[in-house]
Amino acid sequence: MGKTIAEKILSEKSKSDAYAGDIVVAEIDQIALQDGTAPLAIRQLMELGTEVRAADRTHFFVDHAAPSPRRELSNDQKFIYEFAKKVGADFNPPGEGIIHQIMVERYVKPGDLAVGADSHTCTYGGIGAFSTGMGSTDVAVAIALGKNWFRVPESFRVQLDGSLPKGVFAKDVILKLIGDLGVDGATYKALEFHGECAENMTVEERLTIANMAVECGAKAGIFESDENTRKFLAELGREGDFREVKADEDAEYEKEIYMDVSSLVPVVSKPHNVDNVAEISEVEGTEVNQVYIGTCTNGRLSDLEVAARILKGRKVKEGVRLIVVPASRRVYLQALDKGLIRVFVEAGGMVLNPGCGPCVGIHQGILADGEVCISTQNRNFKGRMGNPNAEIFLASPATAAASAVKGYIADPREFL
Amino acid sequence: MGRAWKFGDDIDTDVIIQGKYLVINEPEELAKHVFENLRPEFAKEVKKGDFVVAGENFGCGSSREHAPLALKATGIEAVIAKSYARIFFRNAINIGLRVLECKETDKIEDGDELEVDYEKGVIYNKTKGEEYPINPLPDFLKEILEKGGLVEFAKSLRERA
């Protein structure tokens, strides 16, 4: 019987013939942790009291509070650094960038099994890896043993047909899909993306979509690896890491979902749930106080490029704060070389160091009571950006940039 | 026996414990901030043995293990929900927070007195004189719980290697 990508990768890593519903113990290729979840994982690892078998595959990142705004967090970050040095694990200090961006730039390969103590670890499905978020204790076990248990998920085959119209981006596609499925519409499942639109997407676009798989409850969001993946890795000097990952033709899916992207329009998620999706025309004119362009969802070069295209020669509306955060040091340098950073600064925006920025509500851009933010991030939960009395709309970088210029939620199509 | 604290669908981890408290590592301190924005009185008034009762997709969002840790430290007996988000459910089992799946939580109202018989897999609603079945856990998860959580289970996994 044919296999889905999830079944193939989990079979290979568990050296067994695994299908949906099976529980397997599998060898893990890459492990990632961030400063919010790592301290707890390290304490659990100490509790386990065993040798650390997978230190060479373990990567620590300080991105959630980077640089630290409080001494308690500084102490946590020091604790992580000292532990990483002690066991010989990789440590990425503040300024390197977001955990998921760097894992994709440097470490994760197509066909890998990766886990991370962060729910958006599912991002790596954009290059054909099986990756999923876990809690600190699960990740501690992965670091100690180099393996953990997995239930092989059933897969939904998501067929994206057609081509994206002007002003509609990968972000709009995934928001629309989550709006259709609901925030628990794919709980425990893997989303596997196929179709003309998926095949034509750049890896950066695929990463945006895979990143948000968890927002409809999915365990993973996976694309096949192909020539676009090879090119992406080659640009990073990692062509040797390429490997073809494909689903079998006769693989079995629990559900098949079809979406013709040609008929899509720009969309947003309204407060306070990601599946509260509306077409741009329904919310156009809503005043905004802050615009945030960045995060593991939309802080990559192509995201900054489209935002800069809209902001070039224009000004951010008076009374609006525009915050731009490149996803990694590499993205930051590329944006500098291409003159994008100058565009943001000249338009009246702020550019902060690579990291999660205001998305988690710990520092850098906490909203005031009654304020409205439009953001390219992946979550708009109540209180997400540090204030339960504020509202967050989710959108593509183009919609966010257009809104920064207008001072209200705006349709990006008139700028493109 | 304990009272039900009733919540709706899609209770996310930011609502259970806000991101700004991730700096706290003592469960008892975390417990003081549970549901702070949604139901500020909860953390002050919850008693040992009470139940958090909710609808679908409880614990969606972040992978933060602080969420089940904080709930456990409030002293609640268990969470009872129609369904759970994947990462939260796994975290709860790993750290030993009882998470019961029951499709009939709509029948439970805030303040109802509940009691659970784990052997029989039944929730008794003393206020209403009703009983509701609990969906059983898969055997593999029972094995983890019987071993006393994932840390102990992992030690046995290591022997298997």
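All of these numbers come straight from a predicted model, not from anything done at the bench.
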Inter-residue atom distance [X].[atom1] - [Y].[atom2], 0.5 Å rounding:
X	Y	atom1	atom2	answer
B:Cys60	A:Asn273	SG	CG	6.5 Å
A:Asp184	B:Lys82	CG	NZ	10.5 Å
B:Arg64	A:Gln34	CZ	CD	9.0 Å
A:Met134	B:Arg86	CE	CZ	7.0 Å
A:Thr132	B:Ile87	OG1	CD1	5.5 Å
A:Arg384	B:Asp12	CZ	CG	9.0 Å

Side-chain ion pair, B:Asp14 and A:Arg379, N-O less than 4.0 Å: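 No, no charged N to carboxylate O under 4.0 Å.
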What part of A:Asp76 gets closer than 4.5 Å to chain B, counting heavy atoms only: side chain, backbone, both or neither?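 For A:Asp76, side-chain heavy atoms alone lie under 4.5 Å from chain B.
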Counting only heavy atoms not in A:Lys78 (residues, nucleotides, ligands), do more than 12 fall under 6.0 Å from its NZ?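 Open: at most 12 neighbouring heavy atoms sit under 6.0 Å from NZ of A:Lys78.
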Around B:Lys128, counting heavy atoms of other residues, nucleotides and ligands shown, do more than 12 lie under 6.0 Å from its NZ?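 Above 12, so yes.
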Which pair of non-hydrogen atoms, one from [X] and one from [Y], has the smallest distance, and what is that distance?
X	Y	answer
A:Thr37	B:Ser63	CG2-OG, 4.2 Å
A:Leu48	B:Ala154	CD2-CB, 4.0 Å
A:Val141	B:Leu150	CG2-CD2, 3.5 Å
A:Gly135	B:Asn91	CA-OD1, 2.9 Å
A:Arg70	B:Lys20	NH1-O, 3.7 Å

Heavy-atom side-chain contact between [X] and [Y] under 4.5 Å:
X	Y	answer
A:Trp149	B:Leu141	yes
B:Glu56	A:Thr187	no
B:Val151	A:Thr137	yes
A:Leu40	B:Leu69	yes

With only heavy atoms counted, which part of [X] is less than 4.5 Å from chain A, the side chain, the backbone, both or neither?
X	answer
B:Ile95	side chain
B:Phe88	neither
B:Ile24	neither

Quick one: which of B:Ala85, B:Ala67, B:Ser83, B:Ser62 has the most heavy-atom pairs under 4.5 Å with chain A, could you say?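 Max contact count across the listed options: B:Ser62.
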Mind ranking B:Gly61, B:Pro68, B:Gly19 by heavy-atom pairs under 4.5 Å with chain A and telling me who comes out on top?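 Most pairs with chain A among the choices: B:Gly61.
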Hey, which residues of residues 212-220 of chain A are touching chain B, say heavy atoms under 4.5 Å apart?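 Within residues 212-220 of chain A, the residues that come under 4.5 Å of chain B (heavy atoms only) are A:Lys219.
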Can you tell me which residue among A:Ile362, A:Asp35, A:Leu73, A:Asn75 is in a side-chain contact (heavy atoms from CB on, under 4.5 Å) with B:Val23?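 Among A:Ile362, A:Asp35, A:Leu73, A:Asn75, the one meeting side-chain contact (heavy atoms from CB on, under 4.5 Å) with B:Val23 is A:Leu73.
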Before giving the answer on side chain to side chain contact (heavy atoms under 4.5 Å, CB included), spell out for B:Asn94 and A:Gln44 the whole-Å C-alpha distance, their side-chain angles and the decisive distance to 0.1 Å. CA-CA 11 Å; B:Asn94 286 346; A:Gln44 290 291 51; over 6 Å; no
